[in-house]
Amino acid sequence: MTGREHGHGDVRGDVRGDGRGDRHEHGRDHGHDHGNGHDNGRGRRRWNRHHHHSHDRIDSALESSAAGMRTLWFSFAVLAATTAAQAVVAALSGSVALLGDTVHNAADALTALPLAVAFLLGRRAATRRYTYGFGRAEDLAGVFVVLVIAASAVFAGYEALQRLFEPQEVSHLPAVAAAGLIGFAGNEWVARARIRTGRRIGSAALVADGLHARTDGFTSLAVLLGAGGSALGWRYADPLIGLVITAAIALVLRGAAREVWHRLMDAVDPALVDAAEHALSHVDGVRAVGAVRMRWLGHSLRAETSVVVDPGLTVVEAHAVAVAAEHALLHAVGRLSGATVHVDHAPRPAAPDPHAPLAHHSA
């Protein structure tokens, strides 16, 4: 059953060798109607089920997007307040370390803007050109976040090296230490909110931005430790700790870049594929399971697969197996919004290969 996707999860197809049949949206409905009737009443019931489940999935996508937006605006407000408080202390104390940390926090607050744009774009419905919708905007925003983390690492390293070769006296040390604690608390608060929401809605970009906020929190601690070292008369304490924090930022950058790279390259957790194959293999009527492919679109998954059925099944019976297969996938794989199921029949003795017309395309 070669599937084509329509809207939110519609799948149509043909049962090779046994005729043609349409596969309609079923969502997570447990009461499917697999009869042959085409009277107006049944047609209306099928349309109503399609309409209902499409709206269920749209509502789920909007709910995820709304959760992401709430977290982003919360993050922006917290970091804006943190940046303002640190800027005042930096101006009074002349602390270059605190000034650098203030710039970090300002940059981290600004990363909420491209992510907010991405979440807004993700709400748009699919079009004739963007047939999968606009979920990939989140992945592009993730690239921007990674670039900001990289710029933060370069800036932190530069400032640490500059202070190492040109140590500077810092005044108002208690205020500087307090500002460092404020920076750490604000960033850690934001980091936890972003990472928690990002993992819940499946947004790699939001998780990466949370990791970025966490690294800036560690940078704020460097300000605190540097102020302590300066109070003890050790002028090189702050720049040396700054170099250590730069290395930590580089490690987090590596992890965030890897996560965003995986999304851009359509990588998924192999455990999801294992779960899908296990679920399909236990569907009544499925003799064998072919390749399972998945990809992330924003914070939802799409899948396509093939199953082998008895060659003696009718179109209606094969269609019922395909519906049951997608139903099993929707329950087995979290954040799966829909699947395309291709139905093949088991080989028949002395029968021609039903895929022979496609052989020259594969070559």
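- Cluster annotation: Leu330 and Val283 are assigned to the same hydrophobic cluster (Ile/Leu/Val/Met/Phe/Trp/Tyr, side-chain heavy-atom contacts under 4.5 Å, transitive).
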Derivation of the side-chain contact (heavy atoms from CB on, under 4.5 Å) call for Phe134 and Thr127: CA-CA 9 Å; Phe134 296 84; Thr127 66; 4.2 Å; yes
Review item, side-chain donor-acceptor pairs of residues 264-274, under 3.5 Å, at least two apart:
residue	atom	partner	partner atom	Å
Asp266	OD1	Arg136	NH2	2.1
Asp266	OD2	Arg295	NH2	3.2
Asp269	OD1	Ala271	N	3.0

side-chain contact (heavy atoms from CB on, under 4.5 Å) assessment of Val321 paired with Val343: CA-CA 9 Å; Val321 174; Val343 174; 5.8 Å; no
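- The side-chain heavy atoms of Arg196 and Arg200, taken from C-beta on, include no pair separated by under 4.5 Å.
- Legend: salt bridge (Lys or Arg N to Asp or Glu O under 4.0 Å) pairs involving residues 278-288, not counting sequence neighbours, sorted by first then second residue: Arg287-Asp310.
- Taking every heavy atom of both residues into account, Ala191 and Gly210 meet most closely at CB-O, 3.3 Å.
- Judged as a side chain to side chain donor-acceptor pair (under 3.5 Å), and not counting sequence neighbours, Arg293 has no contacts.
- Residues Leu336 and Arg302 fail the side-chain proximity criterion, which asks for heavy atoms closer than 4.5 Å.
- Residues Phe76 and Leu72 have side chains not in contact (no heavy-atom distance under 4.5 Å, counting atoms from C-beta outward).
- Using a 4.5 Å cut-off between side-chain heavy atoms of Ile, Leu, Val, Met, Phe, Trp and Tyr, with links allowed through other members, Leu79 and Trp189 fall into the same hydrophobic cluster.
- Ala106 approaches Thr83 most closely through the heavy-atom pair N-OG1, 3.4 Å.
- With sequence neighbours excluded, the residues forming a side chain to side chain contact (heavy atoms under 4.5 Å, CB included) with Arg254 are Arg258, listed by chain and number.
- For Gln86 (side chain) and Ala179 (main-chain N/O), a donor-acceptor pair under 3.5 Å exists by modelled atom type.
- Under the 4.5 Å side-chain criterion, counting only non-hydrogen atoms from C-beta, Glu259 is not in contact with Val146.
- Residue Val145 forms a side chain to side chain contact (heavy atoms under 4.5 Å, CB included) with just one option from Val143, Leu147, Ile149, and that option is Ile149.
- Taking CG of Leu358 as the reference point, atom NE2 of His361 lies at 6.5 Å (rounded to 0.5 Å).
- The two residues Leu329 and Ala276 make their nearest non-hydrogen contact at CD2-CB, 3.5 Å.
- Inter-residue side-chain proximity for Val117 and Leu121 is flagged as met; some heavy-atom pair is nearer than 4.5 Å.
- When atom types are taken as modelled, the side chain of Ser337 and the backbone of Leu301 share a donor-acceptor pair closer than 3.5 angstrom.
- Of the inter-residue distances, the one linking Phe184 atom CZ with Thr82 atom OG1 reads 12.0 Å to the nearest 0.5 angstrom.
- For the residue pair Ala332 and Ala279, the shortest heavy atom distance occurs at CB-CB, 3.5 Å.
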Verdict with supporting geometry, Phe74 and Arg70, side-chain contact (heavy atoms from CB on, under 4.5 Å): CA-CA 6 Å; Phe74 166 78; Arg70 287 193 298 270; over 6 Å; no
Residues Trp296, Arg335; criterion side-chain contact (heavy atoms from CB on, under 4.5 Å); working and verdict: CA-CA 9 Å; Trp296 283 98; Arg335 307 218 60 82; 4.2 Å; yes
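- Going from atom CE of Met69 over to atom OG1 of Thr197 covers 13.0 Å, rounded to the nearest 0.5 Å.
- Among all heavy-atom pairs drawn from Ala80 and Ala109, the shortest one is N-CB, 4.4 Å.
- Partners of Val289 according to the side chain to side chain contact (heavy atoms under 4.5 Å, CB included) rule, which considers only residues two or more places apart in sequence or in another chain, are Leu280, Ser281, Val286, Val292, Thr305.
- The CD1 atom of Ile182 sits 12.0 Å away from atom CG of Asn187, with the distance rounded to the nearest 0.5 Å.
- Cluster membership check: Leu140 does not share its hydrophobic cluster with Val260, using side-chain heavy-atom separations under 4.5 Å among Ile, Leu, Val, Met, Phe, Trp and Tyr.
- Side-chain contact between Ser220 and Leu181 is absent, with no heavy-atom pair separated by less than 4.5 Å.
- With values rounded to the nearest 0.5 angstrom, Tyr130 atom OH is found 15.0 Å from Arg128 atom CZ.
- The nearest pair of heavy atoms linking Ala118 to Ala137 is CB-O, 3.5 Å.
- Residue pairs meeting the side-chain hydrogen bond (donor to acceptor under 3.5 Å, both in side chains) criterion with at least one partner in residues 173-183, sequence neighbours excluded, are absent.
- When side chains are defined from C-beta on, His342 does not count as touching Glu304, because their heavy atoms never get closer than 4.5 Å.
- Between Arg199 and Val207, some side-chain heavy-atom pair lies under the 4.5 Å cut-off.
- The cluster map of Ile, Leu, Val, Met, Phe, Trp and Tyr, joined by side-chain heavy atoms under 4.5 Å apart, puts Leu251 and Val154 in different clusters.
- Tracing side-chain contacts under 4.5 Å through hydrophobic residues (I, L, V, M, F, W, Y), one never reaches Val78 starting from Leu211; they form parts of separate clusters.
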